[in-house]
Amino acid sequence: MSEYNPASIEPKWQKFWSENKTFKTDDTDKSKPKYYVLDMFPYPSGAGLHVGHPEGYTATDIIARYKRMNGFNVLHPMGWDAFGLPAEQYAVKTGTHPKITTERNIEGFRRQLQALGFSYDWDREVNTTDPAYFKWTQWIFLKLYEKGLAYQADVPVNWCPELGTVLANEEVIDGKSEVGGFPVVRKPMRQWMLKITAYAERLLNDLEMLDWPESIKEMQRNWIGKSTGADISFSLVGIDNKTIDVFTTRPDTLFGATYMVLSPEHPLVEELTTSEQKNEVEAYIEKAALKSDLDRTDLNKDKTGVFTGGFAINPATGNQIPVWVADYVLMSYGTGAIMAVPGHDERDWEFAKKFGIEIVEVIEGGDINAEAFTGDGVCVNSSNSEVSLDDLSVSDAKKTIINWLEEKGIGSGSINYKLRDWLFSRQRYWGEPFPIIHTEDGPKPLPTSELPIELPEVKQYKPSGTGESPLATIEEWVQTTDPETGKPARRETNTMPQWAGSCWYYLRYIDPDYTLGPVDPEKEKYWMPVDLYVGGAEHAVLHLLYARFWHKVLYDCGVVSTPEPFMKLVNQGMILGEMEFTAFKNTAGDYVDAREIDENTEVESVKLTEDQVEKKGDRFVLKGTDTGIDARSFKMSKSRGNVINPDDVVEKYGADALRLYEMFMGPLEQVKPWSMSGVEGVNRFLKRVYRTFIDDKTGKLHDAVKEAEPSKAQLKALHETIKKVSEDIDGFRFNTAISALMIFNNEAMRWDVRPVSIMKDFLLILNPFAPHLAEELWQALGNEQTMSYEKWPVFEAKYLVADEMTYAVQVNGKVRGQITVSMDDHKNKDVVLGLAKAEPSVRRYLDAGTLIKEIFVPGKIVNLVVKG
RNA sequence: GCCGCUGUGGUGGAAUUGGUAGACACGUUGGACUUAAAAUCCAAUGGAGCUUAAAACUCCGUGCCGGUUCGAGUCCGGCCAGCGGUACCA
C-alpha cells in the first residue's frame, strides 16, 4: 500500500532543490532573455505567515517556473522588510533587542516559505536591517540631500502620545493611529521632509507607460491630485505692501468672489484683524489649533469662521470684500487662502448662507438661491471697463481672465497638486539612522566613507517622550565630531520610516553583495526593469509611489537605467475567513430578522452551523423559519478567531495542496473566502494524479504507464490541456489552468494505456503548480535530473482537429436541438441547414409556423426564425 | 458626497470577438467496496411543471427595470446592493 504522502515527498524535494541550488540565478549567461519576477517582501512578524502571503507568492512562483521552462533567465528573490514598529514595541515591553526578535522572526518566515517549495534564489536574500543593506539606504538619502530633495522643516505633525512618536499622514486613519488605533493630535516639530512634490508631474505622466491595473493608476492620479487654474493676488484695504495670494481652479468666476477666507494658520491673519475683532479671531484660532485633523475634517461639515474686520479688493469688480478666517480652508493646500465664490462653489455657498454674505451669479444655468451652481454655463455679470467674460463659456472665460490677470501683473495660470512632501523622519529606535550631523553651521551630511551609520545599543527602547527618539538619550552616540573639521557635532537622532528600505530593495537583489554602490550598473542594465510585481492592493499608493519617486531620483543620478521600476503590476485579492452564519436574538431572547436590525437595536449574535440555515429567495434564513440571518465572510483577524495558519494546512494536506488551492479559489485579483473543504478537493485531485502514475498496491509505476504510441484522442486531450494551461498562465488565470489539469487527469485515469510521452508532458505542465509531486512522479518515470529546466511542451494545432463538430440549432434564439456535421461539411451552409431542418426536435417548430429567416454562423450556430 | 471594482446554482467559481449559461471543484443525495468506518469508485444534482415511473417535453432563470439584436451573463440607458479608495484639496 502506497498512498500519496506529501509529508515525505515535499521535504525530500525541498532538500534536493536547496542542496543542488537548483534555483540559483546565473548572472553570467546573458544570452538568454531575462525575466525579473518580484514579490512584495514581507515584514517578518512574530505571528508568522498567514494564508494571504502564499497567494501572491504562489502566483509568482508559477510564473517563475513557467518562464524558466520557456528558456528565460529568471530572477526570483525574497527578502525581509524588517525595520518597523512591532519589533520595537515588543522591545519596549520585554527589553528584547529588536535585532533578536527580527532574526527569530526571519528564521520562522524563511522556514515557512521554504516549506511551500517556492523557487527563490535564497543566495540573494536581503534584509533591510542589515548594516550592509542600510548602508545603501543611507547612501541614497545622501543623494536626495545632495539634490536638495531632503530638507528640514517645522511642520505640524501627527503626534501620537500613546506611541510616543510622530506618524505619517498615511499611518493615520480617521484621526487614529493605523497601528493600535490610538488618538493622534497635531504638534509642530522639526522634521526631515523629502520633496516628492518636485516629481509630481513625472510621477503622474509616467503612469501611462505602466502595465498596471487601471484602478491603481487612478488611485495614484487622485493621490497626486493635479488641478489646473490660476494664482491671483488680492490687494488689501489699508495695507499697501502685501497681498492675499490665492489659487483657484475657477478664475472664470472671479467677478463672483464676494469674500475671502484665510486658514487659521495663515500669516496675514494677525495683520488683517482689526482691534474690534481681535478677541473673537484669537479665540477662534486657538480653538482650531486644538482640533485634531479628525475634528477639522469631521463628517460634521458645519462651517465655522469669524470675520477679521479686514477687507481685500476684488481686482475684477473693484469691490471691497470682507476677509474671514475659517478652518474649512487648509493651510497645507495651495496658499492657505481662497477667494470665495458662493454662487459657484458648494462650500463657499454654505458658508455665505450661514453668515449672510452676498451671493452673486456669474455663470448662468442654475438657481443660486437654492444651491451653488458648479456646472458648465455662460458667464454673466462679469465685465468691467477692461475685460468682459459675459457670454463666454467657462473654458473660454478662464483663458480670457488669465490673460487679463497676466497683463495686469496680478495673476497667472497655475497648477497645483494635492500631493504633499513626504514626512521622512520618525522618533523611533528601530529604523535607519540618518547619515547627518548637526554642527554650528546647521545640518551636514556625513561623507559616504562613514557609512553605514549603525544603531547604538540602548538600555531602553521607549521613546524619550519629548517627541525625540530613544537615540537622543544615548549621549556618547549623539556626541560626535565632524570628520572634516574635527569640531564637535551632534548626530541626527531621528530614524527613517519603514518605507525607506522597501523603496529600493528590488535593486539590491540584483547583486546583494556589491560593495561599490547600491547595485552593479552592468547587472542593473540586464535585469531592470522588474517584469512582474505582485503584492497586496494596500500598497497601491504609498509604497508604490515612494518607490517610483526614489527610482526616478536614482535614474536622474545615473544609478539606474530605467525611468520606472515596475513594468507590470498585479494585485492579489485578500483572502477572507470561512463563511459565517449569524442569527440575532433580541433582549427577550427571540430571534429577529437580520434586515430589521440597525445600530440602535440591541441584539445578541448567535453563530450558526451550515446545516442550521437554508436559502430562501436571495437571502439565508434559519432553517424552517422565515427569520433572515447574516451570511458573509470576514477579514481574518486574531480577535475574530478565523485565522488560517498555513503550517496547519501544510501539515494536513501538504504544500502542493495549499499552493493549488490558493490558486484554484478564484481569480488572483479577487477577494475570496477560505474554505477548508476546498483544500480537501484539490488534495483529492493530487491523490488522483498520484494514482494515475503509481499503483497504490505496489508503490511502483502503474502498469498502464508505459512506452506506447499515443492514440489520437490522447494527443488531443494532451494538447488541449497544454494550450489551455499555457494561455491561462500567460493571462494569470491560474484557477482555470488548474481546472484544465483536472479535466486531463480525470480522462487519463480512465485510459488502460497511459503512454509515457503523454504523461511526461502532463507532468511538465503540472510542475509550476504542484512542483513537489511533479518532481516525484518525474523521477518515478526514470528521470534523474530536476524537471525545473525541461522545455515547456509546445501545443500543436494539428492534434486538435476533430472529424466532426456539433452545432446547436436554435429556433427563435432558443436551443431546440443539436446536429453533428463532418468537418468537411461544417462550413457548407446548405448541408448544415438541411441537417438542422431535418432534426425532429427542430422540425416540430418549423411545422408550427413559417420559416422567415435562417441564420448560419459557420463554426458557431444555426438559428431559424419562425413566425406564426 | 466623489472615484473605482463586483453582483451567475446550496458554496467557490467557468463561459474567446454577443452564439448550447452553470466547465472544474465543494457540498448534498443515492449506490458499490468493507464486519464496520475511513479512503476510493460510480450515478444524480439551477428552479418549477408534466408523468405510476423513466425517457421525452414545457416554462422560468446570470442583482432590478428598460433598450439594441435572429440571438444578451456579455453591448447601451436608468436604478439597487456589497466591497475598496478618498474626503471641506479651493
Side-chain angles (χ1 to χ4, degrees), chain A residues 3 213-219 221-223 225 227 229 246-250 261 263 296-299 301-303 326-330 332-341 345-348 350-351 416-420 537-538 540-541 573-574 576 578-579 610-611 613-615 618 620 631-633 661 664-667 669-682 684-685 687-688 691 696 727 733 735-743 746 749 806-818 841 844 852-857 859-866:
Chain A
E3 283 196 319
E214 202 43 52
S215 61
I216 302 292
K217 290 204 219 177
E218 197 56 31
M219 279 163 76
R221 282 187 200 110
N222 290 340
W223 192 265
S227 43
V246 302
F247 171 74
T248 176
T249 55
R250 294 297 303 275
V261 184
S263 107
R296 271 178 83 155
T297 64
D298 208 350
L299 296 171
K301 300 245 166 113
D302 193 27
K303 301 275 180 297
D327 65 5
Y328 82 91
V329 173
L330 309 175
S332 50
Y333 182 79
T335 61
I338 62 158
M339 66 175 213
V341 185
D345 180 282
E346 280 163 25
R347 295 151 301 178
D348 298 344
E350 216 179 290
F351 190 82
N416 237 289
Y417 301 92
K418 268 200 272 186
L419 185 70
R420 317 279 164 83
E538 65 273 21
V541 176
M574 204 183 353
L576 305 176
E578 297 240 10
M579 170 102 88
E610 215 179 321
D611 42 313
V613 302
E614 65 182 338
K615 187 131 183 198
D618 56 357
F620 281 91
R632 52 173 294 204
S633 27
Y661 174 66
F664 189 59
M665 288 173 91
E669 321 80 49
Q670 221 163 80
V671 178
K672 327 163 259 276
W674 185 267
S675 153
M676 215 38 116
S677 49
V679 185
E680 284 178 34
V682 294
R684 254 173 247 165
F685 163 65
K687 283 170 158 175
R688 279 197 294 266
R691 285 201 308 272
D696 53 3
E727 286 173 357
R733 294 180 298 267
N735 54 332
T736 48
I738 292 167
S739 153
L741 292 166
M742 288 173 167
I743 291 170
N746 288 346
M749 280 181 86
T806 304
Y807 273 99
V809 182
Q810 299 182 333
V811 178
N812 295 336
K814 283 187 176 155
V815 179
R816 297 301 184 186
Q818 292 184 347
S841 54
R844 309 195 275 150
I852 55 167
K853 196 168 180 183
E854 297 170 342
I855 287 146
F856 173 60
V857 185
K860 296 254 169 171
I861 206 149
V862 175
N863 189 10
L864 303 171
V865 185
V866 175

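Here the structure is a predicted model, which is why all the values come from computation and not from measurement. Every chain is numbered from 1 and lettered A, B, ... according to where its sequence line falls, protein lines coming before strand lines.
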Using the C1' atom as the reference point in each nucleotide, state the distance between B/G7 and B/C79 in Å, no decimals. 14 Å
Nearest atoms (heavy-atom pairs only) where A/E727 meets A/R733: O-NH2, 3.3 Å
Report the nucleotide, chosen from B/A14, B/A90, B/U40, that has the shortest atom-to-atom distance to any side-chain atom of A/T736. B/A14
Rounded C1' spacing from B/A32 to B/A15 in Å: 34 Å
Would you mind reading off the distance between A/M665 atom CE and B/C26 atom P, rounded to a whole angstrom? 15 Å
Across the strands shown, which category fits A/G225 at heavy-atom distances under 4.0 angstrom: base, sugar-phosphate, nothing? nothing
Hey, what are the protein-to-nucleotides 69-76 of chain B N/O distances that come in under 3.5 Å?
from  : atom 1 : to     : atom 2 : distance (Å)
B/C70 : O2'    : A/N863 : ND2    : 3.3
B/C70 : O2     : A/N863 : ND2    : 2.3

Out of B/A25, B/U86, B/G13, which has the shortest distance to the side chain of A/W223? B/U86
Counting the atoms with a prime plus P, OP1 and OP2 as sugar-phosphate, which does A/R733 contact under 4.0 Å by heavy atoms, base, sugar-phosphate, or nothing? nothing
Within 45° of the ring axis of A/F351 and under 6.0 Å from its six-membered ring centre, is that where the NZ or CZ of A/K303 lies? no
Taking all non-hydrogen atoms of both residues into account, name the closest pair between A/M339 and A/D348 and its distance. O-OD2, 4.0 Å
Does the side chain of A/E350 come within less than 4.5 Å of A/Y328's, by heavy atoms? no
Mind checking if A/Q818 touches a base, just sugar-phosphate, or nothing, with heavy atoms under 4.0 Å? base
Pairwise P distance, B/A21 and B/C59 [rounded to whole Å]: 13 Å
Between the side chain of A/K672 and the main-chain N/O of A/Q670, is any donor-acceptor distance below 3.5 Å? yes
Output for pair (A/K217 NZ, A/N222 CG), nearest 0.5 Å, gives 14.0 Å
What interatomic distance, in whole Å, is found between C1' of B/A72 and the corresponding atom of B/G67? 11 Å
Rounded to the nearest angstrom, tell me the gap between atom CG in A/N746 and atom C1' in B/U40. 14 Å
The nucleotide from B/U20, B/G10, B/C3 with an atom nearest the side chain of A/F620 is B/G10
Should A/E214 and A/R221 count as an ion pair when the cut-off is N to O under 4.0 Å? yes
From CG of A/L419 over to C1' of B/G85, roughly how many Å is that when rounded to an integer? 16 Å
Of all heavy-atom pairs between A/V679 and A/W674, which one has the smallest distance, and what is that distance? CG2-CZ2, 3.7 Å
Under 4.0 Å: is that the gap between some side-chain N or O of A/S227 and OP1 or OP2 of B/A90? yes
Above 12 or not: heavy atoms from other molecules or residues under 6.0 Å from CD of A/E218? yes
Nearest heavy atom decides the nucleotide; on that basis, is A/T806 or A/M749 closer to the 5' end of RNA chain B? A/T806
When rounded to the nearest Å, what value does the distance between C1' atoms of B/C24 and B/U35 take? 37 Å
Listed nucleotide nearest any side-chain atom of A/E3, set B/A39, B/A90, B/G12: B/A39
Any donor and acceptor pair, going by atom type alone, linking the side chain of A/E578 with main-chain N or O of A/M676 inside 3.5 Å? yes
Contact class for A/D348 vs. all strands (heavy atom < 4.0 Å): base, sugar-phosphate, or nothing? nothing
B/G49 and B/C33: how far apart are their C1' atoms, nearest whole angstrom? 39 Å
Assign A/P667 to base, sugar-phosphate, or nothing according to its heavy-atom contacts below 4.0 angstrom with the strands shown. sugar-phosphate
Testing B/U40, B/A90, B/G13 for proximity to the side chain of A/Y333, the answer is B/A90
Under 4.0 Å: is that the gap between some side-chain N or O of A/R691 and OP1 or OP2 of B/C41? yes
Stems in RNA chain B: runs of 3 or more consecutive Watson-Crick or G-U pairs, distances under 3.5 Å? B:1-7 with B:80-86, B:10-12 with B:24-26, B:27-32 with B:40-45, B:46-49 with B:57-60, B:63-67 with B:75-79
Considering all heavy atoms, the nearest A/V857-A/Y807 contact: O-CE2, 3.8 Å
Under 4.0 Å, counting only non-hydrogen atoms across every strand here, what does A/S215 touch: a base, just sugar-phosphate, or nothing? sugar-phosphate
For nucleotides B/A25 and B/G18, find the distance between their P atoms and express it as a whole number of Å. 30 Å
The side chain of A/M742 lies closest to which of these nucleotides: B/C24, B/C41, B/A90? B/C24
OP1 or OP2 of B/C5 under 4.0 Å from side-chain N/O of A/K217: no
To the closest 0.5 Å, what do you measure between OG (A/S739) and CZ (A/F664)? 6.0 Å
Closest non-hydrogen atom pair between A/M579 and A/A631, with its separation: SD-C, 3.9 Å
How many whole angstroms separate atom CE of A/M574 from atom P of B/U6? 16 Å
If you assign each of A/I738 and A/N735 to its closest nucleotide in RNA chain B, which residue comes earlier from the 5' end? A/N735
Can you check the distance between B/C5 and B/G10, where both ends of the measurement are the C1' atom (answer in whole Å)? 26 Å
Send over the distance from A/I861 CD1 to B/A15 C1', rounded to a whole Å. 14 Å
Nearest to the side chain of A/P673, which nucleotide is it out of B/A90, B/C59, B/G12? B/G12
Rounding to a whole Å, what distance do you find between A/E346:CD and B/A90:P? 13 Å
Under 3.5 Å, is there an N or O donor on one side and an acceptor on the other linking the side chain of A/K860 and the base of B/U17? yes
Looking only at heavy atoms, what is the nearest atom pair of A/V329 and A/S263, with distance? O-CB, 3.0 Å
Between A/R684 and B/G27, is there a contact of a side-chain N or O with OP1 or OP2 at under 4.0 Å? yes
Please state how far atom CD in A/E538 lies from atom C1' in B/C83, giving the value in whole angstrom units. 15 Å
Roughly, in whole Å, what's the span from NZ in A/K814 to P in B/U20? 16 Å
Name the closest nucleotide to the A/E680 side chain, picking from B/C83, B/G85, B/G27. B/G27
Does B/C88 have its OP1 or OP2 closer than 4.0 Å to a side-chain nitrogen or oxygen of A/K303? no
How would you label the contact of A/R221 with the nucleic acid (heavy atoms, under 4.0 Å): base, sugar-phosphate, or nothing? nothing
Pull up the glycosidic torsion of B/G9 and say syn or anti, syn being anything within 90° of 0. syn
With heavy atoms under 4.0 Å as the rule, sort A/Y417 into base, sugar-phosphate or nothing. nothing
